Colleague: 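Quick one: structure below, then a few questions.
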Amino acid sequence: MADEPLVLGIETSCDETGVGIVRGHTLLADAVASSVDEHARFGGVVPEVASRAHLEAMVPTIERALREARVSASDLDGIAVTAGPGLAGALLVGVSAAKAYAYALGKPLYGVNHLASHICVDQLEHGALPEPTMALLVSGGHSSLLLAPDITADVRPLGSTIDDAAGEAFDKVARVLDLGFPGGPVIDRYAREGDPEAIAFPRGLTGPRDAPYDFSFSGLKTAVARWIEAKRNAGEEVPVRDVSASFQEAVTDVLTRKAVRACKDEGVDHLMIGGGVAANSRLRSMAEERCADAGITLRVPRPKLCTDNGAMVAALGAEMVARRRAASDWDLPADSSLPVTEPHLPGSGTPGGGRHGQDHAPSEGQSHSHTHDHTHDHDHVHELSRKNLYS
């Protein structure tokens with residue numbers, strides 16, 4: 001275990017400031033600072049509020065993760081960070097922090113993909129991913145079916161949402177039902193006491209001519225809202241539990257049906273489910289039933305690892321180091337629309353300034369890759385930072 005890469009991961013794609021530390025496939029620390037309460041009064045995530053919260057939480061969360069893992073920052077073999085997709089301002093905070101730590105520590109920097117990280121986190125729960133892996137990723141921003149022959153270099157999109165993501169639909173339906181934000185957990189809770197067959201809500205994109213692996217939940221959300229409106233206009237009480245159960249059943253039915261079909265069509269005998277909605281109890285139970293019937297092995301991380309966290313970023317970073325993938329350059333961008341086909345953003349030559357285990361920061365007077373011939377007179381400050389602040 002001591003020979004396995006020790007990597008710190010930073011996740012700031014939305015409203016969670018996540019910092020995880022992983023050694024190989026072993027989780028050592030998973031520190032999260034959430035700003036969800038600050039967004040609740042707005043009924044959704046406010047990008048500027050999220051960015052400010054990341055700024056305030058970053059250093060304390062990193063320090064907490066190091067204490068929890070009982071390692072020193074100088075022991076790390078690399079720093080991984082979500083480079084995209086996500087909220088631009090939020091991503092920028094994480095990427096900037098990762099650059100600062102990697103530069104000061106002289107460690108390689110790995111800008112990784114948020115969606116690929118959601119897949120890779122399962123290695124911390126169930127061991128090495130089978131190759132290929134079929135992944136169903138479901139969250140507030142994504143509903144995707146992905147085939148991953150190599151999580152570090154080859155991730156192929158098979159289908160995605162064409163409008164509202166599943167998690168977004170949960171939030172909007174919860175708002176119509178006056179259940180607050182976020183909507184996923186509360187709808188799951190109410191649905192357990194309701195009848196999933198009480199209301200026949202529509203299943204989007206399930207016709208014979210529809211895209212087999214794409215998702216659409218906007219029509220379902222609208223159907224639920226109109227059904228509730230009709231009840232209220234008639235002066236009738238809205239059966240919140242039955243609405244929740246029937247809506248949730250429609251979502252999970254479509255998600256699991258398409259995921260199992262993709263596995264069969266591609267000849268893959270493993271299905272991994274990740275993302276925040278993967279914590280939904282009905283999605284888990286329905287997936288278990290349908291995968292068992294189809295002879296497919298189901299892999300779902302524990303709920304805490306399904307939501308956004310730094311552990312998943314560290315897990316993918318550790319895999320990058322273990323497979324000797326090129327690290328990122330110092331001009332690593334925060335890309336809010338980073339495609340899943342790019343599991344990470346490798347540098348052009350020297351990975352993050354070099355391979356792990358060496359001094360990777362630019363030497364005194366050396367220019368950064370994005371500044372061309374412009375040299376720095378103040379590199380001695382960085383030398384002092386590396387020596388004294390992160391020993």
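Quantities reported herein were computed from a predicted structural model and do not represent experimental measurements.
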Colleague: Any idea which heavy atoms bring Ala198 and Ser246 closest together, and the distance?
Modeller: N-OG, 3.6 Å
Colleague: Distance alone, cut at 3.5 Å: any donor-acceptor contact between the side chains of Thr17 and His54?
Modeller: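 Yes, a side-chain donor-acceptor pair sits under 3.5 Å.
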Colleague: Quick check for you: to the nearest 0.5 Å, what is the distance between Arg299 atom CZ and Met134 atom CE?
Modeller: 14.5 Å
Colleague: Taking C-beta and beyond as the side chain, do Phe217 and Val251 meet within less than 4.5 Å on heavy atoms?
Modeller: yes
Colleague: If you count heavy atoms of other groups shown closer than 6.0 angstrom to CZ of Arg52, is the number above 12?
Modeller: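 Incorrect, the count does not exceed 12.
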Colleague: With hydrophobic residues grouped by side-chain heavy-atom distances under 4.5 Å, do Ile199 and Leu177 end up in a single group?
Modeller: yes
Colleague: If I take atom OG from residue Ser143 and atom CG from residue Leu136, how far apart are they, to the nearest 0.5 angstrom?
Modeller: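 Ser143 atom OG to Leu136 atom CG measures 7.5 Å (nearest 0.5 Å).
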Colleague: Where is the tightest heavy-atom contact between Val7 and Val321, given as atom of each residue plus distance?
Modeller: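 Scanning both residues, the minimum pair turns out to be CG2-CG2, 4.0 Å.
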Colleague: Can you confirm whether Leu305 sits close enough to Arg302 that some side-chain heavy atom of one is under 4.5 Å from a side-chain heavy atom of the other?
Modeller: yes
Colleague: Dump the intermediate steps for side chain to side chain contact (heavy atoms under 4.5 Å, CB included) on Arg241 and Arg192, then the final yes or no.
Modeller: CA-CA 8 Å; Arg241 288 168 176 78; Arg192 294 173 191 175; over 6 Å; no
Colleague: Using the ring of each side chain (for Trp, its six-membered ring), is His118 parallel, tilted or perpendicular to His114, with breaks at 30° and 60°?
Modeller: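 Taking His114 first and then His118, their aromatic rings stand perpendicular (interplane angle over 60°).
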Colleague: Please evaluate residues Val238 and Val243 with respect to the criterion side chain to side chain contact (heavy atoms under 4.5 Å, CB included), reporting the C-alpha separation (whole Å), side-chain torsions for both, the decisive distance (0.1 Å), and the verdict.
Modeller: CA-CA 8 Å; Val238 175; Val243 171; 4.1 Å; yes
Colleague: Side chains of Val93 and Met58: closer than 4.5 Å at any heavy-atom pair?
Modeller: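 A side-chain contact exists here, since the closest heavy-atom pair is under 4.5 Å.
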Colleague: State whether the side chain of Gln123 and the backbone N or O of Ala128 hold a donor-acceptor pair below 3.5 Å, judged by distance alone.
Modeller: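 No, the answer is negative, given that no donor and acceptor are paired below the 3.5 Å cut-off.
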Colleague: Side chains of Ser216 and Ser218: donor-acceptor distance under 3.5 Å anywhere?
Modeller: no
Colleague: So how far is it from Glu125 CD to Met272 CE, rounded to the nearest 0.5 Å?
Modeller: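 Rounded to the nearest 0.5 Å, the CD-CE separation comes to 9.5 Å.
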Colleague: Given side chain to side chain contact (heavy atoms under 4.5 Å, CB included), test Ile21 with Val71 step by step and report yes or no.
Modeller: CA-CA 9 Å; Ile21 298 177; Val71 298; 4.1 Å; yes
Colleague: Side chain to side chain contact (heavy atoms under 4.5 Å, CB included), that's the test. Do Leu332 and Lys99 meet it? Break it down for me.
Modeller: CA-CA 8 Å; Leu332 171 71; Lys99 287 180 181 180; 3.9 Å; yes
Colleague: Apply the test side chain to side chain donor-acceptor pair (under 3.5 Å) to residues Glu16 and Ser34: give CA-CA distance (whole Å), side-chain angles for both, the deciding distance (0.1 Å), then the verdict.
Modeller: CA-CA 5 Å; Glu16 309 279 359; Ser34 176; 3.2 Å; yes
Colleague: Less than 4.5 Å apart, side chain to side chain, heavy atoms only: is that true for Pro212 and Asp265?
Modeller: no
Colleague: Could you tell me if the side chain of Ser72 sits less than 4.5 Å from the side chain of Leu66, heavy atoms only?
Modeller: no
Colleague: In this structure, would Val81 and Leu6 fall into the same cluster of hydrophobic residues linked by side-chain contacts under 4.5 Å?
Modeller: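 Cluster IDs for Val81 and Leu6 match.
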Colleague: State, to 0.1 Å, how close Ala314 and Gly20 come at their nearest heavy-atom pair, and which atoms those are.
Modeller: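 Residues Ala314 and Gly20, closest heavy atoms: CB-O, 3.5 Å.
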Colleague: Would you confirm whether Asp15, through its side chain, and Val45, through its main-chain N or O, come within 3.5 Å as a donor-acceptor pair?
Modeller: no
Colleague: Can you find a pair of side-chain heavy atoms, one from Arg226 and one from Lys231, that are under 4.5 Å apart?
Modeller: no
Colleague: Suppose we call two aromatic rings close when their centres sit under 6.0 Å apart. Are Phe170 and Phe247 close by that rule?
Modeller: yes
Colleague: Side-chain contact test, heavy atoms from C-beta onward, threshold under 4.5 Å: evaluate it for Asn309 versus Val121 and give yes or no.
Modeller: yes
Colleague: Could you report the tightest heavy-atom contact between Val300 and His126, atom names first, then the distance?
Modeller: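 The pair with the smallest heavy-atom distance is O-CE1, 3.3 Å.
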Colleague: Keeping Asp242 on the side-chain end and Asp195 on the backbone end, is there a donor-acceptor pair under 3.5 Å?
Modeller: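 Looks like yes, one N/O pair under 3.5 Å.
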Colleague: Find the distance between CG (Asp30) and CE (Met312) and round it off to the nearest 0.5 Å.
Modeller: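 Here the interatomic distance stands at 10.0 Å.
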Colleague: Taking Asn113 for the side chain and Glu342 for the main chain, is one N or O donor matched with an acceptor at less than 3.5 Å?
Modeller: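 Flag set: sc Asn113 to bb Glu342 pair under 3.5 Å.
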Colleague: Within the 3.5 Å criterion, strictly below it, is a donor on Thr161 or Asp214 matched to an acceptor on the partner's side chain?
Modeller: no
Colleague: Do any N or O atoms from the side chain of Asp122 and from the backbone of Ile119 form a donor-acceptor pair under 3.5 angstrom?
Modeller: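 Checked: no pair found.
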Colleague: With a 4.5 Å cut-off on side-chain heavy-atom distances among I, L, V, M, F, W and Y, is there a chain of contacts connecting Val260 to Leu298?
Modeller: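 They do share one cluster, since a chain of ILVMFWY contacts under 4.5 Å joins Val260 to Leu298.
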Colleague: Taking the side chain as every heavy atom from C-beta outward, state whether Val138 and Phe215 have any atom pair closer than 4.5 Å.
Modeller: no
Colleague: Looking only at heavy atoms, what is the nearest atom pair of Asp77 and Pro5, with distance?
Modeller: OD2-CA, 3.4 Å
Colleague: Just verifying a value: how many Å separate Ser160 OG and Leu146 CG, rounded to the nearest 0.5 Å?
Modeller: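 Between atom OG of Ser160 and atom CG of Leu146 there are 8.5 Å.
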Colleague: Mark yes or no for whether Asp308, through its side chain, and Cys14, through its backbone, hold a donor-acceptor pair below 3.5 Å.
Modeller: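 No.
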Colleague: Main chain of Leu205, side chain of Lys258: is a donor-acceptor contact present, judged purely on distance under 3.5 Å?
Modeller: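 Side chain of Lys258 to backbone of Leu205: a pair is present.
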Colleague: Looking at Arg323 and Asp150, is there a salt bridge between them, counting it only when a charged N and a carboxylate O are closer than 4.0 Å?
Modeller: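 Answer for the salt bridge query: yes.
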Colleague: Output the distance between atom CD1 (Ile273) and atom CZ (Arg284), rounded to the nearest 0.5 Å.
Modeller: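 If we round to the nearest 0.5 Å, Ile273:CD1 and Arg284:CZ are 8.5 Å apart.
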Colleague: Are Lys172 and Glu168 within salt-bridge range, i.e. N to O under 4.0 Å?
Modeller: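 Looking at Lys172 and Glu168, the cut-off is met.
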Colleague: Assess whether atom CZ of Phe181 is packed by more than 12 heavy atoms of other residues, nucleotides or ligands within 6.0 Å.
Modeller: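 Correct, the count exceeds 12.
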Colleague: Are Ile296 and Val254 co-members of a hydrophobic cluster defined by side-chain heavy atoms under 4.5 Å apart?
Modeller: yes
Colleague: Going by atom types alone, do Glu11 and Thr82 pair a side-chain donor with an acceptor below 3.5 Å?
Modeller: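 Distance-only check passes for Glu11 and Thr82.
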Colleague: What's the shortest heavy-atom distance between Asp329 and Ser348, and which atoms?
Modeller: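 Asp329 and Ser348 have their closest heavy atoms at OD2-N, 3.0 Å.
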Colleague: Donor-acceptor check, side chain of Glu289 to backbone of Cys291, threshold 3.5 angstrom: yes or no?
Modeller: no
Colleague: Out of Gln248, Arg282, Arg290, which residue meets the side-chain contact (heavy atoms from CB on, under 4.5 Å) rule with Asp253?
Modeller: Arg290
Colleague: Would you call Arg23 and Glu4 a salt bridge, using N to O less than 4.0 angstrom?
Modeller: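 Answer for the salt bridge query: no.
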Colleague: Within the side chain of Ser13, is there an N or O that forms a donor-acceptor pair under 3.5 Å with the backbone of Gly86?
Modeller: no
Colleague: Taking atom CD of Glu237 as the centre, does the number of heavy atoms from other residues, nucleotides or ligands within less than 6.0 Å exceed 12?
Modeller: no
Colleague: Counting distance only, does the side-chain N/O of Thr133 pair as donor-acceptor with the main-chain N or O of Ala148 below 3.5 Å?
Modeller: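 No; judged by distance alone, with no hydrogens or angles, the pair does not exist.
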Colleague: Tell me whether Val32 shares a hydrophobic cluster with Val19, the cluster being built from Ile, Leu, Val, Met, Phe, Trp, Tyr side chains joined at under 4.5 Å.
Modeller: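 Unlinked, Val32 and Val19 end up in two clusters.
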